[in-house]
Each structure stands twice: as structure tokens, then as C-alpha cells.
Amino acid sequence: MLVRMSIPDEPEEVRVVEFELLPDSVDGRRFLDLMHFAGAELSPAVAALRLAAECREREEDDMAGFLVDFAVVSYCRAFLSSSVRRPLGENIEVPAQFAGIHEQVRTYRNTTVAHSQSELATTWPLVVTLASEPGRRRIWAPTLTQPLPPGVVGEFQTLVEAVLEIVETRAEELLLELEAKIQPPVRLRRASMIDAFPAELERDFTARSHRRPIPTRQTIFWSLSEPSGES
């Protein structure tokens, strides 16, 4: 696959960039796993926690809670088993000083976010008698939720940022090792843009796909804008 792209530092020059596929190997798969952990799970968790902090400053507590729960799911997903990669815990070790908050967040995910079975989210069966309506009872079933306290969220953010740094460092080490092995005259298979990124319309969107450890394709779904009705 050949792509022409402008180089920012050389605005007048246009170069041709050739894309080839990284050969399948144990280190190559480990590198891709680490990059996936960083890009699809840990970085989104960090971004969500930073946005949650901004929401708390604006007293948008509900939105902050939603973002923290997203970060919890995203972080914990990296440590769960998958049919296409090993869990992050088999690639790196969480530093001992974060063991407590790591387990606390995983427990919160299991009992409260992924499943509703802890008292942190409880719906109360109340019977209320209003002073304005003596002798009449009404049923009220409010749901009271306890989000992660700010102090715990702060520890969680420190944990995620530390783990992300470890993952990125390890990925960089593997990157250098892999690049040393693929220098010319090693021949690699050229990537095909048409074969690798088939296009479908949004009406055909589905999440029932299964990626490979070494990817060869990724469907891109296109949205068609609605007619404006203007002539």
C-alpha cells in the first residue's frame, strides 16, 4: 500500500510512504497486545477520569459518576480474559503500592458496574404519608447510589496512569527489538487498503465481529446524511 503524505517539517515536499504488514511472531503479538491495552483501554480510562474531574469542578456530579464508571469498565477490561489476547496481568505486574486500589476497583466493577448486586446502588421500598394528605399513603421507590468517593477516584487515576506508563515503556522496548529484525533486505508483505478496510453502510452495522490477534481487515461503516429538503 503506497500513500502520499505531506511532512509537516517540510511543507513543500511530498513523500511516498509504503505500508507493509508486521510478520506474525510471539513478540509481535505481545507488542500488539500492549498497544491495544494502551490505546483501547488504558488511555480512554485516563481521558474519562480527567473529564470527570472537570465535571466535578463544574458541579456536574452525575456526569462525573458516569465517566468514572466508564473508566472502571475500560481499565478492568484489560485484565479480563479474551479469545484474541492474553490479559494484561500476564504481560505486566501491577506495582505493589497499587495492589489495594487495583483490587478495590475490580471489586467495584464486578459488584456495582458490571452487575447490580451491591448496596452501593439500592432501591428503597418506602411508604410515605404526606402531611398535606392525612390518612392517605403513597408508595415511593427511590434509588440511592453511592459513586466512588473523590479520594478513591484520585487513587484510581494515579493507578491507571502508572499502569499506562508501564505498558508504554514495555511496548517501546519491544518496538525497538522488532524494528531491528525487519530492516532491509528482509521482505515483508505489502498491505492492501482495499482488502484491509472494506466499507459498509451504517444500516449494516453490527458488533458481531471477531478480530484476529494479527489483524488483516477492519470494516468501516459509513453514515449517509439525511436530505436537507432544501432546493
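A quick note: this is a predicted structure, and the numbers were derived from the prediction, not measured.
Partners of Pro198 under the side chain to side chain contact (heavy atoms under 4.5 Å, CB included) rule, at least two apart in sequence or in another chain, are Arg217, Thr219. Checked against side chain to side chain contact (heavy atoms under 4.5 Å, CB included), Pro44 has the following partners two or more places apart in sequence or in another chain: Phe70, Ser74. Looking at residues two or more places apart in sequence or on another chain, you find a side chain to side chain contact (heavy atoms under 4.5 Å, CB included) between Thr107 and Thr111. Considering only residues two or more places apart in sequence or on other chains, Arg212 meets the side chain to side chain contact (heavy atoms under 4.5 Å, CB included) condition with Thr216.
Cluster membership for Leu174 and Leu21, using ILVMFWY side-chain heavy atoms within less than 4.5 angstrom, is not shared. Cluster membership for Leu164 and Val105, using ILVMFWY side-chain heavy atoms within less than 4.5 angstrom, is shared. Hydrophobic clustering of Ile, Leu, Val, Met, Phe, Trp and Tyr side chains at less than 4.5 Å, counting indirect connections, unites Leu120 with Tyr75. Leu80 and Leu88 fall into different hydrophobic clusters, defined by Ile, Leu, Val, Met, Phe, Trp and Tyr side-chain heavy atoms under 4.5 Å apart, directly or through other members. Under a hydrophobic clustering in which Ile, Leu, Val, Met, Phe, Trp and Tyr are joined whenever their side-chain heavy atoms come within less than 4.5 Å, directly or via other members, Ile182 and Leu176 fall into different clusters.
Minimum interatomic distance between Thr123 and Ala141 (heavy atoms only, all atoms of both residues): CG2-O, 3.7 Å. Closest non-hydrogen pair, His102 versus Leu159, comes out as CA-CD2, 3.8 Å. Between Val68 and Phe156, the shortest heavy-atom contact is O-CE2, 4.5 Å. Smallest separation of non-hydrogen atoms from Ala162 and Phe98: CB-CE1, 3.6 Å. Nearest heavy-atom pair, Arg211 versus Val84, reported as atom, atom and distance to 0.1 Å: O-CG1, 2.9 Å. Summarising the geometry of Phe221 relative to Phe205, their closest heavy-atom pair is CE2-CA, 3.3 Å, with the distance given to 0.1 Å.
Residue pairs satisfying the salt bridge (Lys or Arg N to Asp or Glu O under 4.0 Å) criterion with at least one member in residues 90-118, sequence neighbours excluded, are listed as follows: Arg86-Glu90. Sorted pairs that involve residues 140-154 and meet salt bridge (Lys or Arg N to Asp or Glu O under 4.0 Å), not counting sequence neighbours, are lacking altogether.
At a threshold of 4.0 Å, the pair Arg138-Glu133 counts as salt-bridged, since one of the basic side-chain nitrogens sits closer than that to a carboxylate oxygen. Under 4.0 Å is where a charged nitrogen must lie from a carboxylate oxygen, and between Glu18 and Arg190 at least one such pair does. Note on Asp27 versus Arg30: salt bridge recorded, some NZ/NE/NH1/NH2 to OD/OE distance being below 4.0 Å.
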Any chance you could lay out the side-chain contact (heavy atoms from CB on, under 4.5 Å) test for Val72 and Leu148, step after step, and finish with the verdict?
CA-CA 10 Å; Val72 167; Leu148 284 182; 4.1 Å; yes
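Using a 4.5 Å cut-off on side-chain heavy atoms (C-beta onward), Asp24 and Arg29 make contact. Considering only heavy atoms from C-beta on, Trp124 stays 4.5 Å or farther from Thr143 through its side chain. Within the 4.5 Å cutoff, side-chain heavy atoms of Ile92 are placed close to those of Val167. At least one side-chain heavy atom of Glu161 sits less than 4.5 Å from a side-chain heavy atom of Arg50. With contacts defined as side-chain heavy-atom distances shorter than 4.5 Å, the pair Leu126/Pro142 qualifies. Side-chain contact between Val153 and Leu49 is present, with at least one heavy-atom pair separated by less than 4.5 Å. Looking at heavy atoms from C-beta onward, Val128 lies in side-chain contact with Leu130 at the 4.5 angstrom threshold. Using a 4.5 Å heavy-atom threshold, the side chains of Gln104 and Val152 count as touching.
The CD1 atom of Ile214 sits 7.0 Å away from atom OG of Ser25, with the distance rounded to the nearest 0.5 Å. Rounded to the nearest 0.5 angstrom, Asp62 CG and Cys55 SG are separated by 10.0 Å. Atoms NE2 and CG, from His36 and Leu42 in turn, are 10.0 Å apart once rounded to the nearest 0.5 Å. Taking CE of Met35 as the reference point, atom OG of Ser43 lies at 9.0 Å (rounded to 0.5 Å). Taken from CZ in Phe37 to CZ in Phe79, the straight-line distance is 8.0 Å, to the nearest 0.5 Å. The CG atom of Leu175 sits 4.5 Å away from the CZ atom of Phe31 when rounded to the nearest 0.5 Å.
Other residues, nucleotides and ligands place no more than 12 heavy atoms under 6.0 Å from the CD atom of Glu165. Counting heavy atoms of neighbouring residues, nucleotides and ligands inside a 6.0 Å radius, atom CD1 of Ile139 does not exceed 12 of them. Dense packing is recorded around CZ of Arg58, with more than 12 heavy atoms of other residues, nucleotides or ligands lying under 6.0 Å away.
A donor atom on one side chain and an acceptor atom on the other are not found under 3.5 Å apart for Glu179 and Gln183.
A side-chain contact (heavy atoms from CB on, under 4.5 Å) with Ser118 is found for exactly one of Val113, Asn110, Thr112, namely Thr112.
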